[in-house]
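Accompanying notes for the structure given below.
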Protein chains: 2
Amino acid sequence: MTTINDIARIARVSKATVSKVINNYPGVKEETRRHVLNVIKEYNYWPSSVARSLSTNKSFTIGIFEPVRINNFFFREVFEGIESVLGEEGYDILYLTNKLWENSWLKFSFKEKCINRGVDGVIMMGFGRVNLSEFDGLLNSNIPTVFVDLDLVGSNTSYVTSNNVEGAEMAIRYLAGLGHKKIAMIKGPAGFKLANDRFTGYQKTIHELNLEYNPDWVFSGEYSMETGYDAVNKIIKMRNRPTAIFAEDMIAIGAIRALRENGFSVPEDFSVMGFDNIELGLHYGLTTINQDRNGLGEAASRLLLDIINKKSFSPVILPVELIERDTCRSI
Amino acid sequence: MTTINDIARIARVSKATVSKVINNYPGVKEETRRHVLNVIKEYNYWPSSVARSLSTNKSFTIGIFEPVRINNFFFREVFEGIESVLGEEGYDILYLTNKLWENSWLKFSFKEKCINRGVDGVIMMGFGRVNLSEFDGLLNSNIPTVFVDLDLVGSNTSYVTSNNVEGAEMAIRYLAGLGHKKIAMIKGPAGFKLANDRFTGYQKTIHELNLEYNPDWVFSGEYSMETGYDAVNKIIKMRNRPTAIFAEDMIAIGAIRALRENGFSVPEDFSVMGFDNIELGLHYGLTTINQDRNGLGEAASRLLLDIINKKSFSPVILPVELIERDTCRSI
DNA sequence: TTTTAAAGGAAAACCGGTTTACAAGCTGGG
DNA sequence: CCCAGCTTGTAAACCGGTTTTCCTTTAAAA
């Protein structure tokens, strides 16, 4: 491998001079600069970012932790947003794995892993509100950190999220506008801010609009079709049935399938309203709330860069929008 | 940040001794070892992998290039396979972005980026057979490299892929077994080994079984529903129509939708056979060929580790299997 | 021509580790 | 009691960059 020493020797200058040329620093005669640049090009030299990181304490890498593997496509799209913004700024993205932790002679947590790898900042996604103490190290450190969909803040920590409360409110208002007064909700996994916020929006709006609130109409479960099936199986046995069902897309699709399999029609017998706008929803004509997953990733990266540059630490909450398709009807 | 010097000073030993303790090297009295370990734990010290990389020339990072963003879910699942294997071995994964390249004062290619970042190896995925010269640098370097779905080999380069030829053969034999003699194929994007191999298997088997080969029944396009729509629009206008359609899942689903929209029934009027087994296929009851995407990632990582350790360089070709659902019928 | 300031470049220290060479201390055999 | 040989630990060099300090040129001003 060609190093800065090779270049210095060949160009008959000191390595300090080569360094100045590489970094476009002043204090080098134009003639010398050109000469050094020629040698660099001729030998196809590229400085080692490892060595550079060591001396500057800046690595141009951002770490990502993403342990939970629910909901593949979701994080994938967030990731694309992250990558596009950070890439433009010259950062690469280090996917931090934690498989080895258990075997290690000294267990280490998020913070230690970040320090060990020398990342300039870290994005945390896919974490629920369980075991929050896991994050203590990070929050108390000065490592710039951005959480996606988890509202944690600290000296150098902030978060981004979609406006899930408002999204749920939009959904309920829309259903109410169609004449629905009995609306069920199938919540996502308990402990996740996402799911909690959506439920909050649901409750709040039910109250504001004076709709019927019935605890029996509130279900909860994993983010899967199963959960929709289970809830529908209970709903159809009820004497006092809701007329509309509000649930996250994957669950909503499970519900639609279950309803159809039981001889009900959507939206004739039940209206179904989703949340997320996953691609699959298109194939079911699912009316839903769209959240901008790419935008979430972009916002996360930009916020992280702002934290790194000490420019801004304010959480970012992204707007959502209602997408009208064919699974809700007015009654 | 706590460094090895701090630990050495506090423990009243030399940094060499601390280093030996960290790496479990011999030549340290048990008593000293324990003492140093205690100090390390007390001060929550973790060695900097940046500094370590610099001196050992080994970074425990694997790079990934994945420029094309077709087919999200596919790479996501491959990635999971990669991560699970490499994570176990203590590697982290560096997503290499190339957004900054154009602006850079010296353009650099895959090889230079790898050298610059000091990765121990690199996995290339999502590349087609276009501009193969882009890879010259990598192939001629001694950087361990594994391609996914592109059959490039070099001194330290190999590849993994599913057995796409055989998969196509299975598909055609299955359709022929159901009595189909006129089978159309909608190919994926030209230039990709994946798509080429599948077409090869199709052609070969058509010949072997003495089925009708009609160039008009061969279509080609992007990996999208659109492509399926377009092909079907042509097929239904033909006088001599095929009775079965073979295409990659997303395209096949487009075809199914197009057929239905035009008043045809699947599988009554046309049998449709997919390839890939994407999740969406389930919702259409699509009969298809499954390829093990997780396994592809695992195989890629293991092969890469083998190349790094100079143990094996042989390409890996993974078997596929036929999944029977509801879109093909016997005639 | 001499004085002085500015510009250019080299030398050396540093970042946090690893590794090699060597010295000191201890043990046991003759 | 002395010396060989093993064990333990230290000092120093090194990895490939950056940055500070300082010396040497060169050009401008007096």
Side-chain angles (χ1 to χ4, degrees), chain A residues 1-37 39-40 43-61 90 105-106 108 112 114-120, chain B residues 1-37 39-40 43-61 90 105-106 108 112 114-120:
Chain A
M1 205 178 71
T2 321
T3 73
I4 198 172
N5 292 299
D6 301 328
I7 300 298
R9 186 167 31 76
I10 295 165
R12 302 186 171 285
V13 295
S14 73
K15 52 194 280 201
T17 303
V18 178
S19 180
K20 284 179 190 164
V21 170
I22 292 171
N23 293 290
N24 252 313
Y25 288 164
V28 180
K29 218 194 312 181
E30 191 51 32
E31 190 191 332
T32 316
R33 178 182 302 279
R34 260 204 296 276
H35 174 225
V36 172
L37 275 177
V39 175
I40 286 179
Y43 286 80
N44 202 18
Y45 163 71
W46 258 88
S48 148
S49 61
V50 173
R52 189 184 292 216
S53 299
L54 182 60
S55 57
T56 59
N57 205 23
K58 164 95 183 168
S59 63
F60 279 98
T61 11
W105 54 279
L106 180 54
F108 62 150
E112 280 77 36
C114 288
I115 292 180
N116 168 256
R117 280 294 186 175
V119 298
D120 296 335
Chain B
M1 207 178 74
T2 320
T3 72
I4 198 174
N5 292 299
D6 301 328
I7 299 299
R9 187 167 29 77
I10 295 166
R12 302 186 171 285
V13 296
S14 72
K15 51 195 278 200
T17 303
V18 178
S19 180
K20 284 179 190 166
V21 170
I22 291 171
N23 293 292
N24 251 315
Y25 288 163
V28 180
K29 218 195 311 180
E30 192 50 34
E31 189 191 332
T32 316
R33 180 183 301 279
R34 259 204 296 277
H35 174 224
V36 172
L37 276 177
V39 175
I40 287 179
Y43 286 81
N44 202 17
Y45 163 72
W46 258 87
S48 148
S49 61
V50 173
R52 186 183 293 211
S53 300
L54 183 60
S55 58
T56 58
N57 205 23
K58 164 93 184 170
S59 63
F60 279 98
T61 0
W105 55 277
L106 180 55
F108 63 151
E112 279 77 35
C114 288
I115 292 180
N116 167 257
R117 280 296 186 173
V119 298
D120 296 334

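- Comparing the end axes of the helix from dT1(C)-dA30(D) to dG30(C)-dC1(D), each fitted to five base pairs by superposing C1' atoms of four pairs onto the next four, gives an inter-axis angle of 60° (nearest 10 degrees).
- Here the range on DNA chain D touched by chain B, meaning any atom under 4.0 Å from one of its heavy atoms, is dT8(D) to dG16(D).
- Contacts of Tyr25(A) classified as side chain to side chain contact (heavy atoms under 4.5 Å, CB included), with partners at least two apart in sequence or in another chain: Lys20(A), Asn23(A).
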Whether each nucleotide of nucleotides 18-24 of chain C has a protein heavy atom under 4.0 Å at its base (B), only at its sugar-phosphate (S) or at neither (-) is summarised, 5' to 3', as BB-----

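- When the side chain to side chain contact (heavy atoms under 4.5 Å, CB included) test is applied to Ala11(A), the partners found at least two apart in sequence or on another chain are Val13(A), His35(A), Val36(A), Val39(A).
- Nucleotide dA10(C) holds its C1' atom 17 Å from the CZ atom of Arg9(A), rounded to whole Å.
- Counting any heavy atom pair closer than 4.0 Å across all strands shown, Thr32(B) reaches sugar-phosphate atoms only and no base atom.
- Of the two residues near DNA chain D, Val28(B) and Ser48(A), the one whose nearest nucleotide lies more 5' is Val28(B).
- Residue pairs meeting the salt bridge (charged side-chain N to carboxylate O under 4.0 Å, His left out) criterion with at least one partner in residues 1-19 of chain B, sequence neighbours excluded, are Asp6(B)-Arg9(B).
- Remark: Arg52(B) engages no residue in a salt bridge (Lys or Arg N to Asp or Glu O under 4.0 Å) (not counting sequence neighbours).
- Each of Ser14(A) and Met1(B) was assigned the nucleotide of DNA chain C with the nearest heavy atom; the assignment lying further toward the 5' end belongs to Ser14(A).
- Residue contacts for Ser53(B): at a heavy-atom cut-off of 4.0 Å it reaches no nucleic acid atom on any strand shown.
- Taking Ser53(B) as the reference, nothing meets the side-chain hydrogen bond (donor to acceptor under 3.5 Å, both in side chains) condition, with sequence neighbours excluded.
- Looking at heavy atoms from C-beta onward, Asn44(B) lies out of side-chain contact with Thr2(B) at the 4.5 angstrom threshold.
- Residues meeting the salt bridge (Lys or Arg N to Asp or Glu O under 4.0 Å) test with Lys58(A), sequence neighbours left out: Asp120(A).
- The shortest heavy-atom contact between Arg117(B) and Gly90(A) is NH2-O, 4.3 Å.
- Residues passing the side-chain hydrogen bond (donor to acceptor under 3.5 Å, both in side chains) test with Ser48(B), sequence neighbours excluded: none.
- The side-chain hydrogen bond (donor to acceptor under 3.5 Å, both in side chains) test applied to Thr56(A) returns no partner, not counting sequence neighbours.
- Between Asn5(A) atom CG and dA11(C) atom P the separation is 13 Å, expressed in whole Å.
- Residues that satisfy the side-chain hydrogen bond (donor to acceptor under 3.5 Å, both in side chains) test with Thr61(A), not counting sequence neighbours, are Ser59(A).
- Within 4.0 Å of Val50(A), counting heavy atoms only, lies no atom of the nucleic acid at all.
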